[in-house]
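Scroll down for the structure; my scribbles are underneath it.
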Amino acid sequence: MASVALSAAAAAATAATTSRRLPASAKLSLSPSSSSSLKLLGSTPIVSRLFLNPKRCSAAPLPSRAFSSAAAAPKCLASDPEQLKLAREDIRELLKTTFSHPILVRLGWHDAGTYNKNIEEWPRRGGANGSLRFEIELKHAANAGLVNALKLIQPLKDKYSDVTYADLFQLASATAVEEAGGPKIPMKYGRVDVSAPEQCPEEGRLPSAGPPSPADHLREVFYRMGLNDKEIVALSGAHTLGRSRPDRSGWGKPETKYTKDGPGAPGGQSWTAQWLKFDNSYFTDIKEKKDEDLLVLPTDGVLFEDPAFKVYAEKYAEDQEAFFKDYAEAHAKLSNLGAKFDPPEGIVIDDGPSQPVPEKFVAAKYSSGKVVNMENSYFSNQYSFCQ
């Protein structure tokens, strides 16, 4: 008991001595006025909400045998897992009223699709880093119309401030595929955002629709991302969603029997008859070539012409389950390109196995009068991926 008392007394004396040695200027205190000033700084227009990247910090648990009064070092994550789950539910509700599946798929693809595997430095290498939110990149020709997608996403970003733009773009893209009847995508999150427009990639990294040599062009662009022939064909299958408008992309008809009644603003030309349903009809329709009202771009048709591409295109036309499996893997790989994760291993918000979800949409059932007109395009306003 005496030793305990002596230790306590010694500790108290040490604390008192340390306190006397500290100058008054070293003591930290926040008066009511200084606290208000901090709040004002966070809300001032000078600090753009697009540049803010708040992190969720939680104290790391101490070992059970540690009896220390020192505060545990906080662990900060790029995105909050619980907010990611809540944001996903809101995206599902958003899709029910806006039918914006195609443009949200495109949003995630275009943010990730600027990746260059030959550049190691982040964020100069491009990829899924949220840079597409900045005006300088939104104005790239390949991103025409994506400002509409950002307008849909921004209220969710405001609501879930502890989710990064990079994660939100990819979450919306994967959720849109799943909600349209496509496969469950094995996603991970925790992507770090770039913080300034100077960190956006230069224009010209996304593919076009009608190059002189479509097969060579697709390989040049997708190989640069680190993707192979199978992944090129599988990802092309997402053209099952959406439509192309000639006034925006220069491709497609002004209107067809499949698009004259919407949903959203009527018009455009779709790749498939049910263009809000994710299935393998993109491949079957290209193979059959029986309907002049369905769009086939040069970069679509080459999938059944190039010998290496044709192996996979034929397979997907015959086997939707094989297409879903390969597409899910390719989409997940694309969504991770160039990303920097915090924590490094990423965040997984799904516990169960990846399984295809049942069909949820049939375009013929839609009302054309009460739906937001949200258009999508593949990797550019020419290479029209889903509207």
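The analysis underlying the following values was restricted to heavy atoms, covering all of them including side chains, and did not include hydrogens, waters or symmetry mates.
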Check: [X] side chain, [Y] main-chain N or O, donor-acceptor pair, under 3.5 Å:
X: Ser173; Y: Gln170; answer: no
X: Thr259; Y: Thr256; answer: yes
X: Glu255; Y: Pro266; answer: no
X: Asp326; Y: Ala234; answer: no
X: Asp111; Y: Gly130; answer: yes
X: Arg125; Y: Asn116; answer: no
X: Ser213; Y: Ala215; answer: no
X: Asn143; Y: Leu146; answer: no
X: Lys333; Y: Leu227; answer: no
X: Glu178; Y: Ile185; answer: yes

What's the separation between atom [atom1] in [X] and atom [atom2] in [Y], rounded to the nearest 0.5 Å?
X: Glu179; Y: Glu93; atom1: CD; atom2: CD; answer: 9.0 Å
X: Arg124; Y: Cys200; atom1: CZ; atom2: SG; answer: 14.5 Å
X: Leu94; Y: His101; atom1: CG; atom2: NE2; answer: 9.0 Å
X: Ile136; Y: Gln199; atom1: CD1; atom2: CD; answer: 12.0 Å
X: Ile91; Y: Leu152; atom1: CD1; atom2: CG; answer: 10.5 Å
X: Asp167; Y: Lys157; atom1: CG; atom2: NZ; answer: 10.0 Å

Could you check if a side-chain atom of [X] sits within less than 4.5 angstrom of a side-chain atom of [Y], using non-hydrogen atoms only?
X: Asn228; Y: Phe222; result: no
X: Ser131; Y: Pro123; result: no
X: Ser236; Y: Leu303; result: yes
X: Val105; Y: Leu241; result: yes
X: Tyr223; Y: Leu218; result: no
X: Arg133; Y: Val194; result: yes
X: Lys253; Y: Pro246; result: no
X: Gln154; Y: Lys159; result: no

Problem - Leu77 with Phe341, same ILVMFWY side-chain cluster at under 4.5 Å - result: no
Handout entry: Within one Ile-Leu-Val-Met-Phe-Trp-Tyr cluster: Ile349 and Met187, side-chain cutoff 4.5 Å
Key = yes
Problem - Those residues that, when tested against Glu220, pass side-chain hydrogen bond (donor to acceptor under 3.5 Å, both in side chains) (two or more places apart) - result: none
Practice task
Scan residues 293-313 for pairs that pass ring-ring contact (aromatic ring centres under 6.0 Å, His included), counting only residues two or more places apart or in two chains.
Solution key: none
Exercise for the section: Please test Ser79 against Asp162 for side chain to side chain contact (heavy atoms under 4.5 Å, CB included), starting from the C-alpha separation and ending with a verdict. Expected result: CA-CA 5 Å; Ser79 290; Asp162 287 341; over 6 Å; no
Exercise for the section: Look at atom NZ of Lys257 and say whether more than 12 heavy atoms of other residues, nucleotides or ligands are closer to it than 6.0 Å. Expected result: yes
Practice task
Please check if atom CD in Glu89 has more than 12 non-hydrogen atoms from other residues, nucleotides or ligands closer than 6.0 Å.
Solution key: yes
Under 3.5 Å, is there a donor-acceptor pair linking the side chains of [X] and [Y]?
X: Tyr115; Y: Asn336; value: no
X: Tyr160; Y: Asp80; value: no
X: Ser244; Y: Gln269; value: no
X: Asn129; Y: Tyr165; value: no

Exercise for the section: I would like to know whether Leu206 and Trp109 meet side chain to side chain contact (heavy atoms under 4.5 Å, CB included); could you show each step before the answer? Expected result: CA-CA 10 Å; Leu206 300 176; Trp109 278 47; over 6 Å; no
Exercise for the section: Output, in order, the C-alpha distance, side-chain angles, deciding distance and verdict of side-chain hydrogen bond (donor to acceptor under 3.5 Å, both in side chains) for Tyr258 and Asp291. Expected result: CA-CA 11 Å; Tyr258 301 116; Asp291 194 334; 2.4 Å; yes
Please find the pair of heavy atoms, one from [X] and one from [Y], that lie closest to each other, and give the distance.
X: Pro186; Y: Ala328; result: CD-O, 3.6 Å
X: Val192; Y: Ala166; result: O-CB, 4.3 Å
X: Leu84; Y: Tyr189; result: CD1-CB, 3.6 Å
X: Met225; Y: Leu337; result: O-CD2, 3.6 Å
X: Pro81; Y: Ile347; result: CG-CG2, 3.9 Å
X: Val296; Y: Gly301; result: CG1-N, 3.7 Å

Practice task
Among residues two or more places apart or on two chains, list those pairs meeting salt bridge (charged side-chain N to carboxylate O under 4.0 Å, His left out) that have a residue in residues 138-147.
Solution key: Glu135-Lys139
Handout entry: Chi angles and distances behind the side chain to side chain contact (heavy atoms under 4.5 Å, CB included) call for Thr114, Leu132
Key = CA-CA 10 Å; Thr114 59; Leu132 189 51; over 6 Å; no
Would [X] and [Y] pass as an ion pair if we require N to O under 4.0 Å?
X: Arg191; Y: Asp342; value: no
X: Asp293; Y: Lys260; value: no
X: Arg205; Y: Glu202; value: yes
X: Glu305; Y: Lys310; value: no

Handout entry: Result of checking Asp285, Asp300, Thr240 against Trp271 for side-chain hydrogen bond (donor to acceptor under 3.5 Å, both in side chains)
Key = Asp300
Practice task
Could you label the plane-to-plane angle of the Phe323 and Phe278 rings as parallel, tilted or perpendicular, counting under 30° as parallel and over 60° as perpendicular?
Solution key: parallel
Exercise for the section: Indicate the ring-plane relationship of Tyr327 and His331, choosing parallel, tilted or perpendicular according to the 30° and 60° boundaries. Expected result: perpendicular
Exercise for the section: Might you work through the side chain to side chain contact (heavy atoms under 4.5 Å, CB included) test for Arg88 and Asp350, ending with a clear yes or no? Expected result: CA-CA 11 Å; Arg88 180 170 58 184; Asp350 291 307; 2.7 Å; yes
